[in-house]
Number of protein chains: 2
Amino acid sequence: MNLKQLSELLGLSQTTVSRALNGYPEVNRETRERVLKAVRETGYRPNKAAQRLATGKAGSIGLVMPTSPGNSSDVHFSEFLTGLGEEALRHDFHFVLTPADPNDEVGALRRLAASGNVDALFVNYMRGHDPRLEMLKSLSMPFLVHGRSIGSEPDYPFLDLDNEAAFYDATKLLLQLGHRHFALLNGPIYLDFAIRRRNGMEAALAERGLALDETCTSHTPMTDEQGLFAMERILQLEKRPTAVLCSSTVLALGAVRAINQAGLKLGEDISLIAHDDVLTLLKPESFTVPLTTTRSSLRAAGVRIAERLIGEIKHTETFPAQELWKAELIVRASTGVAPAE
Amino acid sequence: MNLKQLSELLGLSQTTVSRALNGYPEVNRETRERVLKAVRETGYRPNKAAQRLATGKAGSIGLVMPTSPGNSSDVHFSEFLTGLGEEALRHDFHFVLTPADPNDEVGALRRLAASGNVDALFVNYMRGHDPRLEMLKSLSMPFLVHGRSIGSEPDYPFLDLDNEAAFYDATKLLLQLGHRHFALLNGPIYLDFAIRRRNGMEAALAERGLALDETCTSHTPMTDEQGLFAMERILQLEKRPTAVLCSSTVLALGAVRAINQAGLKLGEDISLIAHDDVLTLLKPESFTVPLTTTRSSLRAAGVRIAERLIGEIKHTETFPAQELWKAELIVRASTGVAPAE
DNA sequence: AGAAGCAGCCAAAGCGCTTTGAGGAATGGG
DNA sequence: CCCATTCCTCAAAGCGCTTTGGCTGCTTCT
């Protein structure tokens, strides 16, 4: 069933039927109702490809899905995707996912844009001085960045968490509790958020004349296994830190296990603050010792990003180009006063 | 840059250029090379929407992404997606993801098919007597099911794990170790795999004249939290089971925590076998007490499914319509001889 | 030498939709 | 009674590609 058949069925022209469907004003109310009724009865659905060809609008937003063995099936990514999905559903949009070799993300992005399959692009997992930015700016297609790229001019639309502030605040709390020896279990160092969190932490330490010890720092993919390994290593150091910051509750999962295995008490012998992306899988409050966290929902970020992108495509709304969200610092039992030396 | 412009540039007809690009034989070798060179220089990319409209082929496979609060951002789902992605990348295919209200999966699927945006459909999270099957069969579009639907005629193409056998084998091993009191932490009871795993377990028990105790059984979303709660409850029962089967390592994560908190020793006081989907996030061998598992990679299943679907769309290959994979039973330290009564 | 075959190219139709520019039927004003 | 105005409707032109069905000129066969 296509437009032509439908219009013949109704004894109307294709134009009128099309207008009736797309809510143009110059159609008689009665006619419109007749059309809508026929649509319901016949189950007619406009062919998207044709619609796209005619309008240039695809009703979909493109994203490149990272597929490296490294960050494969990242919980953080799928949590975010869920948020995007929720919002897209409300607008009858969908995503076009292009899986990409991580060495060719720029190429994947370019192909996606050129394919004519999408109206807007989205990128995340930003790196320092990210090469994708230049490419996106050169395209004449709306895009939105989740995160930022340190080292690049901030002249692009983004939504980011204030990672510096989050880890600055967390560190400050630990300092106030008397801690002096810190460890950091961070994400991969080339990622922007990891750089900023580290910066935030260092800034807070510097205020007290302290510096982050390299041996107490690890930059790894954010899995519980890596958290375990890193923490085990750190706990064997001569000068053991009493406070740990984790870039994810997933890392914290492993770290806590290492701490338990070492016979140390979380919140007493050692304090830990993790960043909580509000993963459905892993709630900081359901750890044996509930975790103190800096919290910001990845899912909510997904919703917001979809909202902005769709708004932009439809030209219905204008948004601030750049948003910086604040994380909440939520104190639970994993933080306590520093033990006496 | 479109075909017309390109052909004018070359002084050829659109037909010839199109043929040259699509590998048709009736083009002079020399001409073809000229065309390819021009494409490289101009960066011409065919408009997918037009291509699709003309051919009816979209180069993409559609899937409905579950977005309920319940199974949101499911690690299992994204592990699988990664596999799909890997394979799709090799063939320059992409996915169209439609997020769907879980109460309207059939509708979402229908819309996706009708949109003309996809060449093939994929579904998973099958339920008993799943209504989507009828709908898929009525469509004239290739589809593939991950899992099966108990209660429906198995006359559709699927790829499934032999869940019955996996849990039958696991139970049998535990029986051989002398266990008599069993618990099962399973996924939602309406899901096909959960039903089959339970069946497999019951079959093995029945051979020894045993039955599964309802109070020792839980059917929940597969999160560590649910695993924790369920196990805590079960451990408080008067007649405590000595052997536990978990439908996921994620559930096991919580269950193991409950076991530890109860002061019980895994592999001595209580034995546990979990099904391992080979999640990158959660390796059974890196548990404090490494877990005995039934193993089958979700990601590998994703790869295979993409391979089959794409092959079908391109009509290049024929595959067996139905595949049943066997899980491997891998013994580690979480299983041991049943403790004396 | 004429018929037949073939390689290589092209013009034009068509995929299903939107949108432009115009026309026909009422209505109201002069 | 005629013209202007408003409301509704339509035919036709595109969107950028593939594909059908020729057409041309050259080689090969009889």
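None of the values given here were measured: they were computed from a predicted structure.
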Visitor: Does a side-chain heavy-atom distance below 4.5 Å link L63(A) with L84(A)?
Guide: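 Yes. Closest side-chain heavy atoms under 4.5 Å.
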Visitor: Applying salt bridge (charged side-chain N to carboxylate O under 4.0 Å, His left out), name anything that partners R29(A), two or more places apart in sequence or on another chain.
Guide: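 Salt bridge (charged side-chain N to carboxylate O under 4.0 Å, His left out) check on R29(A) returns E33(A).
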Visitor: Quick one: ring pair (Phe, Tyr, Trp, His ring centres under 6.0 Å) partners of Y156(B), sequence neighbours excluded?
Guide: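 Here the qualifying residues are F158(B).
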Visitor: Taking side chain as C-beta onward, heavy atoms only, is L97(B) less than 4.5 Å from L81(A)?
Guide: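 Yes, their side chains come closer than 4.5 Å.
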Visitor: Report, as yes or no, whether the 6.0 Å neighbourhood of atom NZ on K137(A) holds more than 12 heavy atoms from other residues, nucleotides or ligands.
Guide: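 Atom NZ in K137(A) is packed in, count exceeds 12.
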Visitor: At 4.0 Å (heavy atoms only), tell me whether Q51(A) reaches a base, stays on the sugar-phosphate, or touches nothing.
Guide: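 Contact class for Q51(A): sugar-phosphate only.
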Visitor: Give me, pair by pair, the N or O atoms of the protein and of nucleotides 19-28 of chain C that are less than 3.5 Å apart, along with how far apart they are.
Guide:
from, atom 1, to, atom 2, distance (Å)
dT19(C), OP2, Y24(A), OH, 2.6
dT19(C), O4, T15(A), OG1, 3.2

Visitor: Kindly write out the residues that satisfy salt bridge (charged side-chain N to carboxylate O under 4.0 Å, His left out) with D192(B), not counting sequence neighbours, or none if the list is empty.
Guide: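 Residues passing salt bridge (charged side-chain N to carboxylate O under 4.0 Å, His left out) with D192(B): R196(B).
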Visitor: For L53(B) and L12(B), find the nucleotide of DNA chain C closest to each by heavy atoms; which residue's nucleotide sits nearer the 5' end?
Guide: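 Nearest-nucleotide comparison on DNA chain C picks L12(B).
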Visitor: Measuring only between side-chain heavy atoms, which start at C-beta, is L133(A) closer than 4.5 Å to V145(A)?
Guide: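 A side-chain contact under 4.5 Å exists here.
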Visitor: Partners of E153(B) by side chain to side chain contact (heavy atoms under 4.5 Å, CB included), sequence neighbours excluded?
Guide: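 E153(B): side chain to side chain contact (heavy atoms under 4.5 Å, CB included) contacts with D155(B).
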Visitor: Please list, in 5' to 3' order, the outermost nucleotides of DNA chain D lying under 4.0 Å from any heavy atom of chain B.
Guide: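 With heavy atoms of chain B under 4.0 Å away, the range is dG16(D) to dG21(D).
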